[in-house]
Amino acid sequence: MKNTIRSGNHFGFLCYDINELEHSKQVNLPKVSVVMPLKGFGEHNLHNWRSQITSLYGGPLEFLFVVDSIEDPAYHAVSRLLAEYEDDLDARVIVAGPSTTCSQKIHNQLVGVEKMHKDSKYVLFLDDDVRLHPGSIGALTAEMEKNPEIFIQTGYPLDLPSGSLGSYCIYEYHMPCSMGFATGGKTFFLWGGCMMMHADDFRTDKHGVVSELRDGGYSDDMTLAAIAGANKRLITSPPVAVFPHPLASDLSFSRYWNYLRKQTFVLESYTTKVNWIMNRALFSSHCYLSWGFVAPYFMATIHVAAALRCYYKGYAPEDTTFISTGLLLASCLTVCTTLELLSMWNLTRIEVHLCNLLSPEAPQLSLASYNWFLVFIAMLVDNFLYPISAFRSHFSQSINWSGIRYHLKDGKIHKIDRPKGKGPKFTDLGGKRLYGKKGGQHTASLLYSLSRSLAHWRQPKKYDV
């Protein structure tokens with residue numbers, strides 16, 4: 001991309017070959033339907049939605065924002081936003097109603113697919129916390145056109161921690177997603193925040209993509225990844241599909257824990273026996289490696305404490321041979337930790353630079369706001385808590401997701417409880433308000449939230465710059 005810019009193509013962030021921007025080629029681009037399941041409204045949503053609907057994709061686009069009811073604050077917030085672009089945008093808000101056989105997110109996605117235009121060639125599923133680059137939709141579509149064998153294209157988040165320990169735990173948890181960059185674009189797992197697929201696959205229920213999701217599906221990305229694996233279909237990730245993912249400024253540790261619970265609960269859902277075996281293998285290896293990561297630090301702490309005790313007690317050198325061996329091992333662990341943090345810093349640096357190149361019009365991201373001591377603490381906390389959360393998910397077989405409790409049986413959702421009283425007020429990562437006034441227009445609190453988000457979009461905070 002830098003080379004194309006140096007050679008005179010200042011639109012390298014859109015495409016490497018400037019000839020691709022000619023009108024004769026742009027008018028032949030396929031139609032894409034963008035489906036966004038929404039839940040709640042928070043501080044980053046306006047900015048994220050604007051980045052999505054102001055894409056510089058040259059072909060026909062339609063945007064389908066899907067909510068479960070007009071009580072959702074997202075309904076009025078996105079309606080107001082779309083009213084600003086009503087003459088320049090093919091977009092609408094769809095009320096899907098409550099889910100009965102699958103998770104609410106999957107239900108919203110499937111309703112969006114049912115409502116998409118009959119001429120759409122591709123469907124792009126986006127979460128409402130994804131901040132797109134101007135050329136993202138074009139880049140994803142170009143890859144699909146280049147290789148029709150692609151079943152799903154995905155992308156990955158670049159978390160922007162807000163400063164709390166919980167936000168750094170999320171950043172550390174998502175870092176392994178970036179391994180897609182090391183596989184030449186081919187991968188075997190998905191991030192549900194960004195998935196592009198052939199629209200006809202849903203129209204014809206190819207490989208059971210609709211029925212598997214609809215009939216008891218809990219996780220959209222895990223279900224689709226299992227279908228791809230079972231049918232030996234290709235999943236890819238272009239190198240430009242990395243998206244800034246700002247985390248809530250008030251993301252508390254309890255919200256992180258709730259998020260981790262939802263992530264580990266995913267391993268309890270499955271579609272086939274092979275998928276169940278793979279999930280059990282992931283469950284076992286992840287738990288083993290997580291506590292295997294934490295244990296050396298626990299032992300190193302004991303060795304250092306013992307060495308300090310020997311020093312202050314004045315033990316003879318011949319009595320501290322074992323302690324010296326322990327300190328040598330602790331020193332090796334320090335070197336390994338330093339190398340790991342340097343690797344994470346370097347990968348984050350590259351992703352930040354890539355995002356800045358892909359969005360030259362946006363406020364530039366920076367590594368200056370990252371606290372690497374908190375990154376280290378987050379690695380310990382996240383790896384210590386993961387097995388605890390995984391075992392709890394295994395034995396509970398139920399989870400509360402945005403105020404709705406889902407119960408699994410044989411890897412599928414078989415019961416959905418919607419409590420009469422309202423559940424949690426906010427979602428985990430985005431700090432989004434989940435409830436509004438039923439059937440009404442904006443409340444005072446929602447107006448405040450809207451104005452706050454608009455101000456944030458115009459003057460991004462430090463962690464967005």
Side-chain angles (χ1 to χ4, degrees), residues 102-103 105-106 152 154 156-157 159 166 169-180 182-183 187-193 195 212-213 215-232 235 253-298 340 378-402 404-416 428-429:
C102 58
S103 68
K105 178 184 178 182
I106 289 177
I152 308 173
T154 188
Y156 302 109
D159 289 320
C169 287
I170 298 296
Y171 161 78
E172 190 276 335
Y173 180 84
H174 281 158
M175 279 301 289
C177 288
S178 300
M179 72 173 64
T183 58
T187 183
F188 59 90
F189 63 92
L190 299 167
W191 178 50
M195 301 184 297
E212 290 287 357
L213 288 169
D215 301 332
Y218 167 75
S219 169
D220 54 336
D221 47 12
M222 289 291 284
T223 302
L224 291 172
I227 292 173
N231 294 277
K232 295 181 172 55
I235 301 175
F253 193 79
S254 61
R255 288 191 201 169
Y256 154 71
W257 170 251
N258 289 335
Y259 177 78
L260 184 63
R261 284 275 291 113
K262 289 193 297 186
Q263 295 303 300
T264 56
F265 190 73
V266 165
L267 295 179
E268 300 303 314
S269 63
Y270 53 89
T271 57
T272 64
K273 187 67 174 180
V274 173
N275 188 211
W276 177 84
I277 294 173
M278 291 183 63
N279 284 2
R280 293 302 92 198
L282 284 172
F283 177 95
S284 303
S285 59
H286 207 322
C287 289
Y288 173 78
L289 293 172
S290 290
W291 275 352
F293 177 86
V294 174
Y297 292 96
F298 176 74
E340 180 175 16
M379 287 194 298
L380 295 178
V381 171
D382 190 56
N383 282 284
F384 176 75
L385 291 179
Y386 186 93
I388 297 174
S389 176
F391 278 106
R392 182 174 176 182
S393 297
H394 177 69
F395 289 107
S396 69
Q397 291 294 298
S398 68
I399 191 71
N400 188 309
W401 185 357
S402 298
I404 305 173
R405 181 161 292 277
Y406 300 99
H407 300 266
L408 293 185
K409 184 178 180 181
D410 297 328
K412 300 283 189 179
I413 291 177
H414 79 104
K415 182 181 178 183
I416 301 175
D428 303 323
L429 301 187

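- Salt bridge annotation for Lys105-Asp220: present, with a cationic side-chain nitrogen under 4.0 angstrom from a carboxylate oxygen.
- Relative orientation of the Phe293 and Tyr297 rings is tilted, given thresholds of 30° and 60° on the angle between their planes.
- Summarising the local packing, OH of Tyr288 is surrounded by 12 or fewer heavy atoms from other residues, nucleotides or ligands at distances under 6.0 Å.
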Legend entry - Test side-chain contact (heavy atoms from CB on, under 4.5 Å) applied to Tyr270 and Tyr218, step by step: CA-CA 9 Å; Tyr270 53 89; Tyr218 167 75; over 6 Å; no
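- A donor-acceptor pair under 3.5 Å is formed between the side chain of Ser285 and the backbone N or O of Leu282.
- A donor-acceptor pair under 3.5 Å is absent between the side-chain atoms of Ser389 and the main chain of Leu385, judged by distance alone.
- Between Cys102 and Leu213, the closest heavy-atom pair is CB-O, 3.4 Å.
- Here the shortest heavy-atom pairing between Asn383 and Glu172 reads ND2-OE2, 3.7 Å.
- Ring geometry for Trp291 against Phe384 counts as tilted: the plane angle lies between 30° and 60°, on a 0 to 90° scale.
- Residue pairs meeting the salt bridge (charged side-chain N to carboxylate O under 4.0 Å, His left out) criterion with at least one partner in residues 276-296, sequence neighbours excluded, are Glu268-Arg280.
- Tyr406 and Phe265 have their aromatic ring centers separated by at least 6.0 angstrom.
- Closest of all the heavy-atom pairs between Ser398 and Arg261 is O-NH2, 3.7 Å.
- Not less than 6.0 angstrom separates the ring centroid of Tyr256 from the ring centroid of Tyr259.
- With hydrogens and angles ignored, the 3.5 Å screen pairs a side-chain donor or acceptor of Asn231 with a backbone N or O of Ile227.
- The shortest heavy-atom contact between Thr187 and Thr154 is CG2-CG2, 4.4 Å.
- Proximity of a side-chain donor or acceptor of Asn279 to a complementary backbone N or O of Ser269 within less than 3.5 Å is detected.
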